[in-house]
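These numbers were taken from a predicted model, which means no experiment stands behind them. Ligands are counted one by one from 1 in listed order, and the atoms in each one are counted from 1 as well.
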Amino acid sequence: MTKRMILLNPGPVTLTERVRAALHREDLCHREPEFAELVLDIKRRLARIYPEAEADYEAVLMTGSGTCAVEAMVATFVPKGDKVLVIANGIYGERLAAMIEAQGKRLVLVRSEWPEPMNLAEVDRLLAADPELKRVLAVHNETTTGRQNDLAALARILKKHGRRLLLDTVSSFGGEEIGFADWNLDALCAVANKCLHGAPGICFVMARRELLDSGSSGAASVYLDLIKYYKEQKSGFSPFTQATHVCVALQEALAELEEGGGWQARRDRYRHLSRTIRAELDRLGIRRFLPEDAYGAVISSFLLPPGVPYDRLHDLLKKEGFVIYAGQAGLYHSIFRIANMGDISDSDLERLLAVFRKRFGTASA
Ligand SMILES: *Cc1c(COP(=O)(O)O)cnc(C)c1O
């Protein structure tokens, strides 16, 4: 067997042997009842990860990467002609704005520099001033930097003005707290291959059933119209071919998540890993990109040590069996990132830290 590579990029993640084995368990036809049963089981399991979601929200499964779910959510739940407020403090918030533009819809963008929090004072001001802004689009965990955006504070503003939220939870669903009851959430979107520890290929939108039942869709797209999927998936079938093997693996990953104590246990594990990594790198003089309390549990960002280009650090770690992740766009030359989703054991963590210690520790340390 080849050496196990530990993926410290923000998805796809290192699979457990149990989930990997499920990938080659069986070939299924997506038009047969056994596949429909599998999809219905996945939908039930997704809805009960956050028990308060079960009564009012329903998951709609699609085949594609996370961006497919984000774009389907934006396409379906932003009516043509409506104006939305988009909050961005990283790549993924800016991508939401790019989708609205590509779909020919109207937006007001509240943009912050990437190391900064969401500009909530400006959101508050704009929502008070413009009754046309009925919906707000935001990102929960901004993977660009690792910042966990303050959704509780945003939700207070949404409640004050009576506005609804569409949320990108692609890098938090299953590994962080999500306020289904408290955040004025109409819909969120996520993916199999991040905090849920499945293989890449399946994504989903969870939306209020009331919205899905209304049958109205803003989608000017055939593939991305969630309403069409929702109607057919009531019986477990989908309008287009699904990534059947990835669905089998996702079912196994969801069973594993439940047996392991659900999202709370997973978040606690992520917190332990990410805090240990940040503390140890800090001790070695590798500085965090954000203040400690800005980070969520899934990914951390660090300034590249002086004189160490990203590629050299990447190659050094890869030789030892670890794949780290570069900064995006303008951050490529200044930061690197370490995600801690997936099957990462204590001994993997210890080996990772040992590589950093060997390269960056002083002789006397
Ligand atoms: C990973 C991610 C996405 C989707 O990226 P894909 O490459 O399409 O899977 C969207 N939003 C956030 C916050 C992400 O972390």
Side-chain angles (χ1 to χ4, degrees), residues 7-15 61-75 77 86-100 102 111-112 114-115 117-118 136-151 154 165-178 183 185 187-206 221 223-224 226 242-243 246 249-250 253 266-267 270 274 289-290 294-301 323-329 331 335-342:
L7 302 183
L8 302 172
N9 48 291
V13 300
T14 305
L15 301 179
L61 255 56
M62 304 177 79
T63 287
S65 82
T67 306
C68 174
V70 183
E71 196 150 28
M73 175 178 82
V74 171
F77 297 127
V86 179
I87 308 173
N89 57 342
I91 288 266
Y92 296 98
E94 290 178 12
R95 193 178 284 172
L96 287 171
M99 286 172 181
I100 292 286
R111 185 187 181 279
S112 307
W114 294 355
M118 301 187 291
V136 172
L137 269 61
V139 177
H140 185 201
N141 197 61
E142 190 34 275
T143 318
T144 311
T145 56
R147 178 182 292 276
Q148 185 170 333
N149 280 322
D150 187 352
L151 264 294
L154 172 60
L165 179 66
L166 300 174
L167 189 64
D168 173 345
T169 60
V170 176
S171 65
S172 54
F173 189 95
E176 295 277 15
E177 183 161 18
I178 292 176
W183 292 353
L185 258 184
L188 56 72
C189 49
V191 77
N193 57 284
K194 294 200 187 190
C195 302
L196 296 178
H197 296 186
I202 289 288
C203 61
F204 60 92
V205 174
M206 256 175 104
S221 163
Y223 196 76
L224 299 178
L226 281 171
Q242 296 279 22
V246 177
L250 177 58
R266 187 152 288 176
R267 184 203 45 196
Y270 287 171
S274 66
F289 184 57
L290 300 180
Y295 289 106
V298 302
I299 184 166
S300 307
S301 51
V323 174
I324 59 166
Y325 215 49
Q328 278 156 301
L331 292 176
I335 73 167
F336 68 97
R337 292 176 291 170
I338 298 182
N340 45 259
M341 296 169 278

* Could you walk me through whether Leu224 and Met62 pass the side-chain contact (heavy atoms from CB on, under 4.5 Å) test, one step at a time? => CA-CA 9 Å; Leu224 299 178; Met62 304 177 79; 4.0 Å; yes

Output the list of atoms in ligand 1 that are nearer than 4.0 Å to some heavy atom of [X], sorted by atom number.
X      : result
Asn141 : 13 (C)
Ser65  : 6 (P), 8 (O), 9 (O)
Ser171 : 13 (C), 15 (O)

* Asked: What protein heavy atom is closest to atom 13 (C) of ligand 1, reported as residue, atom name and distance in Å?
  -> Thr143 OG1, 3.3 Å

* Nearest non-hydrogen protein atom, atom 9 (O) of ligand 1 -> Gly66 N, 2.9 Å

* Asked: Do the rings of Tyr270 and His197 sit parallel, tilted or perpendicular, given the 30° and 60° boundaries?
  -> tilted

* Does any N or O atom in Asp168 lie less than 3.5 angstrom from one in ligand 1, N or O only? -> yes

* **ligand 1 to Cys68 polar contact by distance, N or O atoms, under 3.5 Å** => no

* To do: Evaluate the side-chain contact (heavy atoms from CB on, under 4.5 Å) criterion for residues Leu196 and Phe204: first the C-alpha distance (whole Å), next the side-chain angles of each, then the deciding distance (0.1 Å), finally the verdict.
  => CA-CA 12 Å; Leu196 296 178; Phe204 60 92; 3.7 Å; yes

* To do: Heavy atoms only: give me the nearest Arg111-Glu94 pair and the separation to one decimal.
  => NE-OE2, 2.8 Å

What part of [X], side chain from CB on, backbone N/CA/C/O, both or neither, has a heavy atom under 4.0 Å from ligand 1?
X      : answer
Thr67  : both
Asn193 : neither
Lys194 : side chain

* Could you tell me the separation between the OG atom of Ser171 and the CD atom of Gln148, rounded to the nearest 0.5 Å? => 9.0 Å

* Name of the residue among Tyr295, Phe336, Tyr325 meeting side-chain contact (heavy atoms from CB on, under 4.5 Å) with Ser301 -> Tyr295

* Taking the side chain as every heavy atom from C-beta outward, state whether Leu166 and Leu96 have any pair of such atoms under 4.5 Å apart. => no

* Asked: Heavy-atom contact under 4.0 Å between Val191 and ligand 1?
  -> no

* Do Asn89 and Ser112 get their side chains close enough for a donor-acceptor pair, meaning under 3.5 Å? -> no

